[in-house]
Amino acid sequence: MKIVSWNVNSIKARGEHVKRYLKEEFPDVLMLQELKGLDFPAGDFKTLGYESAYVPQKAYNGVAILSKHPMIVIHEALPGDETDEQARYLEVDITGTRMIAIYLPNGNPAPGPKYEYKLAWMERLYARLKALRNEDHAFLIGGDFNVIPEDKDCYAPDKWIEDALFRIETRKPYRSLINLGLTDAFRVFDTRDQQYSFWDYQAGAWQKNNGIRIDHFLLSPTLADRLESCRINKDPRGWDKPSDHTPIEIILQEKAAA
DNA sequence: ATGGTCGTGTGACGA
């Protein structure tokens, strides 16, 4: 089972890119972030064989999950704050596996109210994942975490040290998610530095490979045991009019027969 | 480099 996460930076601007990707890679599940608008081309994806669940918002944010298999929506918002209006969380069940797509807040500038929102959001996420773990629920979470886990996940750590994506107050709660017993799928197979999922549009960042690794999949223990591969697919970042992010792809072994 | 680039929706703001 192939599961992918991709921050597309507007589904309106990147609809054709997503369709091309589905036709070339035929993932079972595709998580999308930063839809950046209320419109969503569910009909186009249906034609290609995908069911859609999406949580849109005007102009900003927005997450979706496309699935070849039957999908049941569990939560369309991160529990823990009824006043939070931002479209950043979608939790579904696909053939008995819980799957969560997130667009974690960026948090810049830090310090400031946006950063406080990010840290509070991470606390709520921790509570949600801890609850799933305590229920012994098999789950995976993918998306744009807006967290650079380690020095080797950015091109120049000294330039990022005060940034909301890399500050120690950000990395600490990310580590707490890992410490729930979750596995960073990418690091199971690849310990190299300079393996990035995002390159800024500015200053020739892509050409110079000045990137950061901020798109992740975290797996609960039974799913980590089924993990066959994880790779960052850099091809779509090189397409015409690309997103500033590129897809991260995992493959899980099929469940053993009951 | 005290720049630089995209996207939304049409003027700033977010990343």
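Residue numbers begin at 1 in each chain, while the letters A, B, ... track the order of the sequences. Keep in mind the model is a prediction, meaning the values are calculated, not measured. Only this structure's heavy atoms are used, side chains among them; waters, hydrogens and symmetry mates stay out.
Ring pair A:Tyr89/A:Trp121 is perpendicular by interplanar angle, where above 60° counts as perpendicular and below 30° as parallel. Ring-plane geometry between A:His17 and A:Trp239 is classed as tilted, the angle between the planes lying from 30 to 60 degrees on a 0 to 90 degree scale.
Residue order along DNA chain B, read from the 5' end via each residue's closest nucleotide, puts A:Gly37 first among A:Gly37 and A:Asp244.
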Show which side-chain atoms of residues 52-59 of chain A pair as donor or acceptor with protein atoms under 3.5 Å away, not counting sequence neighbours.
from	atom 1	to	atom 2	distance (Å)
A:Gln57	OE1	A:Asn61	ND2	3.1
A:Gln57	OE1	A:Ala87	N	2.8

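Residue A:Trp206 shares its hydrophobic cluster (ILVMFWY side chains chained together at separations under 4.5 Å) with A:Ile148, A:Tyr155, A:Trp160, A:Ile161, A:Leu165, A:Phe166, A:Tyr196, A:Phe198, A:Trp199, A:Ile212, A:Ile214.
At a threshold of 4.0 angstrom between heavy atoms, the contacts of A:Phe198 with the nucleic acid are absent. A:Lys114 comes within 4.0 angstrom of sugar-phosphate atoms only, judged by non-hydrogen atoms across all strands, and of no base.
Exactly one of A:Tyr21, A:Phe40, A:Tyr50 qualifies for a ring-ring contact (aromatic ring centres under 6.0 Å, His included) with A:Phe45. That residue is A:Phe40.
Counting only residues at least two apart or on different chains, no salt bridge (charged side-chain N to carboxylate O under 4.0 Å, His left out) pair has a member in residues 107-123 of chain A. Residues in residues 66-92 of chain A take part in these salt bridge (charged side-chain N to carboxylate O under 4.0 Å, His left out) pairs, two or more places apart or across chains: A:Asp84-A:Arg124, A:Glu91-A:Arg98, A:Glu91-A:Arg128.
Taking atom C1' in both B:dT5 and B:dA1, the straight-line distance is 16 Å, to the nearest Å. Spacing between B:dG7 and B:dG11 at atom C1', rounded to whole Å, works out to 14 Å. Nucleotides B:dT2 and B:dC13 have their P atoms positioned 23 Å apart, rounded to a whole Å. Nucleotides B:dG9 and B:dG14 have their C1' atoms positioned 13 Å apart, rounded to a whole Å.
For the contact set between residues 52-64 of chain A and DNA chain B, defined by any heavy atom under 4.0 Å, the members are A:Lys58, A:Ala59, A:Tyr60.
A nucleotide of DNA chain B counts as in contact with chain A when one of its atoms lies under 4.0 Å from a heavy atom; the first and last such, 5' to 3', are B:dG4 to B:dA15.
In this structure, A:Phe145 has its ring center at least 6.0 angstrom away from the ring center of A:Tyr103.
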